[in-house]
Enquirer: 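Just passing along the structure, written as structure tokens.
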Amino acid sequence: MANEKFLDAITSRDVDFAQWYTDVVRKAKLCEYTSIKGCMVYMPAGYAIWENIQKNLDARFKATGVKNVYMPMLIPESLLNKEKDHVNGFAPEVAWVTMGGANPLEEKLCIRPTSETLFCEHFAKNLNSYRDLPMVYNQWCSVLRWEKTTRPFLRSKEFLWQEGHTIHETSEEAKDRTKMMLDIYHDFVENDLAIPVIWGQKTESEKFAGAEATYTIEALMHDGKALQSATSHYFGDGFSKAFDVKFIDKNNKYVNPFQTSWGLSTRIIGAIIMVHGDDDGLVLPPHIAPIKSMIIPIGHNKPEILEVANKIYDELKKQGMVVDIDLSDKTPGYKFSNQEVQGIPTRIEIGPRDLENGVVTIVRRDNREKISISLEDVTTKLPEILKQMQKDMYQKAKEHLESHIYEAHNMDELINTFNEKSGFVKAMWCGDEACEDEIKAKTGGATSRCIPFNEEGISEKCVCCGKDAKHLVYFGKAY
RNA sequence: CGAGAAGUAGCACAGCUUGGUAGUGCACCACGCUUGGGACGUGGGGGUCGCAGGUUCGAAUCCUGUCUUCUCGACCA
């Protein structure tokens with residue numbers, strides 16, 4: 001069988017999901033390892049996805065008044081140490097610069113693992129009056145965390161992200177901003193990445209180091225494990241007190257502003273792979289795919305075919321559609337597989353058989369549906385097909401998510417569900433961290449993913465200790 | 001950071017037990033032939049065998065150390 005070679009190349013999703021993931025990343029040429037553990041090259045196909053994510057999110061941010069800035073990569077030790085919870089949270093994984101040329105530095109500098117401290121320093125210098133508020137900033141950058149176990153996109157030492165940092169006059173305004181940004185992430189991830197999520201608040205033990213409240217969107221991967229896809233934090237005035245950020249209010253009194261931060265990283269690319277990918281490789285949602293369609297001429301030595309292929313290519317380009325054309329002398333099967341492994345949402349096959357009938361064949365990557373379209377309709381039909389594909393991909397992922405949400409009313413049910421199934425398990429919780437720890441230990445690693453915004457009461461008692469329940473919690477095993 | 005596995009050409013591997021100067025398939029280059037699911041033929045280029053020490057006349061092969069990758073844990077976005 002001609003296809004066997006190709007099938008060998010990617011491990012089946014159901015045989016070994018972890019190996020499948022690595023195979024897809026490699027075969028789709030998204031990234032490459034380097035000689036530094038956990039640091040990777042984002043190759044053109046992978047970086048283009050990130051560029052589209054940036055473009056799309058950045059526009060949404062700016063529509064709400066966000067301004068982009070850029071902070072230094074280095075943070076002096078003394079500055080990092082100002083907020084106790086924060087430094088304790090990050091200390092184990094920061095890298096330090098101790099030499100400048102040949103000379104030891106008087107104070108060592110950490111390579112940013114996140115930039116709260118730098119933003120606070122900046123805010124402290126520039127904030128005077130309530131009239132200066134709010135300050136709503138974001139930066140696109142890379143950060144470094146000395147991870148011990150690394151995987152492409154999911155956990156690397158250096159990764160790309162955006163981190164938003166804002167300060168506000170009132171806690172209400174800051175809380176609104178926290179929620180507003182989570183809404184943006186939710187909307188972006190569901191509509192543009194076609195990834196359905198559950199969302200809500202993190203428990204004390206899972207929240208960001210130094211935050212008063214952390215909100216999250218959590219996606220479910222094809223293997224039933226959860227991936228925290230974006231977070232938004234409300235800081236209260238804890239950071240601004242620690243960093244002495246203050247302003248004079250309307251009553252001529254010094255007060256501390258209220259603060260937020262929020263971020264989304266290249267990790268989301270891992271989610272795209274693990275939610276939509278299949279045994280033939282990557283499947284990119286049309287909204288985020290760098291190339292929307294690959295034109296594949298069949299029998300390219302025939303000038304009349306090339307002529308039609310080039311004409312369609314030019315027309316699609318003219319209407320702003322990013323498409324590519326495969327003019328190599330590979331066999332059609334090779335070209336098909338190549339387009340599929342890269343996750344390009346559609347291909348346009350143009351061969352002798354098509355030309356006889358005055359049509360081309362458009363093939364969807366997600367379900368391989370073949371659609372015959374007359375030559376003159378390609379430019380109008382292709383956008384419709386992509387639109388439908390985007391919807392269908394979301395729907396399919398949504399069904400997967402919903403069919404992998406379970407309920408547990410007692411510890412046995414919880415343990416059994418995690419033993420037998422994979423996905424989210426809803427259960428009531430008393431609010432005690434000891435119960436979270438016990439659940440984690442007894443289920444083989446399930447943690448609280450979030451307390452959903454739309455809490456339902458499925459029981460009166462904590463699933464673990466049996467005391468009065470305070471919250472409904474989604475538990476899951478996470479990446 | 002703990003447990004396991006692995007590093008030999010771009011990729012996947014063989015060779016190692018029993019030391020003697022490196023091979024196969026795919027990919028790549030040239031030419032020919034071919035094109036509706038990873039064709040074929042002929043010829044060609046490419047490797048300080050992860051790195052560093054050691055043993056030896058001689059090391060891909062034996063010994064020690066180290067780095068990296070993968071899997072599973074603990075930790076984290």
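In what follows, every chain begins at residue 1, and chains take the letters A, B, ... in the order their sequences are listed.
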Enquirer: Looking for any heavy atom pair under 4.0 Å, which part of the strands does A/Gly270 touch: base, sugar-phosphate only, or nothing?
Expert: nothing
Enquirer: B/rA12 C1' sits how many Å from A/Asp23 CG, rounded?
Expert: 11 Å
Enquirer: Scan A/Glu93 against the nucleic acid and name what it touches under 4.0 Å (heavy atoms): base, sugar-phosphate only, or nothing.
Expert: sugar-phosphate
Enquirer: Could you grab the distance from atom CZ of A/Phe208 to atom OG1 of A/Thr214, nearest 0.5 Å is fine?
Expert: 7.5 Å
Enquirer: Taking any heavy-atom pair under 4.0 Å as a contact, classify A/Glu349: base, sugar-phosphate, or nothing.
Expert: base
Enquirer: Would A/Ser142 and A/Glu158 count as having a side-chain donor-acceptor pair, cut-off 3.5 Å?
Expert: yes
Enquirer: Could you give all pairs that pass the salt bridge (Lys or Arg N to Asp or Glu O under 4.0 Å) test and reach residues 349-361 of chain A, with sequence neighbours left out?
Expert: A/Arg347-A/Glu349
Enquirer: If I pick the C1' atom on B/rU18 and the same atom on B/rG43, what distance separates them, to the nearest angstrom?
Expert: 38 Å
Enquirer: Considering only the C1' atoms, how many Å lie between B/rG20 and B/rU35, rounded to the nearest integer?
Expert: 49 Å
Enquirer: Picking from B/rG36, B/rU71, B/rC75, which would you name as closest to the side chain of A/Ala18?
Expert: B/rU71
Enquirer: Just call it for A/Thr149: base, sugar-phosphate, or nothing, with non-hydrogen atoms closer than 4.0 Å on any strand.
Expert: base
Enquirer: Can a salt bridge be assigned to the pair A/Lys440 and A/Glu436 using a cut-off of 4.0 Å between side-chain N and carboxylate O?
Expert: no
Enquirer: Name the pairing partner of B/rC28, where a pair is Watson-Crick or G-U wobble with both distances under 3.5 Å, or state none.
Expert: B/rG44
Enquirer: Just to be sure I understand the rule, does A/Arg145 reach a base, reach only the sugar-phosphate, or reach nothing, if contact means heavy atoms closer than 4.0 Å?
Expert: base
Enquirer: Below the 4.0 Å mark, does B/rG37 have OP1 or OP2 next to a side-chain nitrogen or oxygen of A/Ser337?
Expert: no
Enquirer: Pairing check on B/rU34: which nucleotide meets the Watson-Crick or G-U wobble criteria with it, both distances under 3.5 Å?
Expert: none
Enquirer: Taking a pair as Watson-Crick or G-U wobble with both distances under 3.5 Å, which nucleotide is matched to B/rA59?
Expert: none
Enquirer: Look at A/Asp183 together with A/Lys179 and state whether they make a salt bridge at an N to O cut-off of under 4.0 Å.
Expert: yes
Enquirer: A/Ile298 has an atom CD1; how far is it from atom C1' of B/rG37, in whole Å?
Expert: 10 Å
Enquirer: Sticking with atom C1', work out how far B/rG36 lies from B/rC31, rounded to a whole angstrom.
Expert: 27 Å
Enquirer: Counting just side-chain N and O atoms, does A/Lys440 come under 4.0 Å of either OP1 or OP2 of B/rC75?
Expert: yes
Enquirer: Rounded to whole Å, please give me the gap between CZ in A/Arg353 and C1' in B/rU35.
Expert: 12 Å
Enquirer: Closest nucleotide of RNA chain B for A/Ile350 versus for A/Pro152: which of these residues is on the 5' side?
Expert: A/Ile350
Enquirer: Pick the nucleotide of RNA chain B nearest each of A/Gly444 and A/Lys370; which residue has the one closer to the 5' end?
Expert: A/Lys370
Enquirer: Return the pairing partner of B/rG2 with a 3.5 Å limit on both distances, Watson-Crick or G-U wobble; otherwise return none.
Expert: B/rC72
Enquirer: Out of B/rG36, B/rC72, B/rG37, which nucleotide sits closest to the side chain of A/Pro352?
Expert: B/rG36
Enquirer: Please name the nucleotide paired to B/rA52 by Watson-Crick or G-U wobble geometry with both distances under 3.5 Å, or report none.
Expert: B/rU64
Enquirer: Looking at the side chain of A/Glu147, which of B/rU71, B/rA39, B/rC75 is the nearest nucleotide?
Expert: B/rC75
Enquirer: Would you indicate which nucleotide in B/rU71, B/rU35, B/rC28 comes nearest to any side-chain atom of A/Lys330?
Expert: B/rC28
Enquirer: Under 4.0 Å, counting only non-hydrogen atoms across every strand here, what does A/Thr216 touch: a base, just sugar-phosphate, or nothing?
Expert: nothing
Enquirer: In whole Å, what separates the P atom of B/rC49 from that of B/rA59?
Expert: 11 Å
Enquirer: Tell me the interatomic distance from A/Tyr21, atom OH, to B/rU71, atom C1', rounded to whole angstroms.
Expert: 15 Å
Enquirer: Could you work out the separation of B/rU48 and B/rC1 based on their C1' atoms and round it to a whole Å?
Expert: 34 Å
Enquirer: Roughly how many Å is it from CG in A/Asp329 to P in B/rC31, rounded to a whole number?
Expert: 11 Å
Enquirer: Measure CG/A/Asn88 against P/B/rC75 and give the value in whole Å, please.
Expert: 17 Å
Enquirer: Let me know which of A/Tyr474, A/Phe424, A/Tyr185, A/Phe453 forms a ring pair (Phe, Tyr, Trp, His ring centres under 6.0 Å) with A/Trp199.
Expert: A/Phe453
Enquirer: Looking only at side-chain N and O atoms, does A/Arg151 come under 4.0 Å of OP1 or OP2 in B/rU71?
Expert: yes
Enquirer: Do A/Glu340 side-chain and B/rG37 base share a donor-acceptor contact under 3.5 Å?
Expert: yes
Enquirer: Closest to the A/Lys148 side chain: B/rC1, B/rC75, B/rC70?
Expert: B/rC1
Enquirer: Need the pair for B/rU18. Rule: Watson-Crick or G-U wobble, both distances under 3.5 Å, any strand; none if unpaired.
Expert: none
Enquirer: For A/Asp16, which contact category applies under a 4.0 Å heavy-atom criterion: base, sugar-phosphate, or nothing?
Expert: nothing
Enquirer: Going by atom types alone, do A/Trp140 and A/Asp58 pair a side-chain donor with an acceptor below 3.5 Å?
Expert: yes
Enquirer: Nearest to the A/Thr150 side chain among B/rC70, B/rU35, B/rC76, which nucleotide is it?
Expert: B/rC70
Enquirer: Describe the nucleic acid contact of A/Phe90 in one word from base, sugar-phosphate, nothing, applying a heavy-atom distance below 4.0 Å.
Expert: nothing
Enquirer: Can you tell me the distance, in whole Å, between the OH atom of A/Tyr334 and the C1' atom of B/rA27?
Expert: 8 Å
Enquirer: Regarding A/Lys27 and A/Gln342, do their side chains bring together a donor and an acceptor under 3.5 Å, going by distance alone?
Expert: no
Enquirer: If we check side-chain hydrogen bond (donor to acceptor under 3.5 Å, both in side chains) with A/Asp278, which of these qualifies: A/Arg13, A/Arg365, A/His222?
Expert: A/Arg365
Enquirer: I'd like the C1' distance from B/rC13 over to B/rC72, given in whole Å.
Expert: 25 Å
Enquirer: Between atom CZ in A/Arg26 and atom P in B/rU69, what is the gap in whole Å?
Expert: 15 Å
Enquirer: Give me the distance, rounded to whole Å, that separates B/rC16 from B/rG54 when you measure between the P atoms they each carry.
Expert: 26 Å
Enquirer: Report the base-pairing partner of B/rG23 (Watson-Crick or G-U wobble, both distances below 3.5 angstrom), or none.
Expert: B/rC13
Enquirer: Using the P atom in both, what is the distance from B/rG45 to B/rU68, to the nearest Å?
Expert: 37 Å
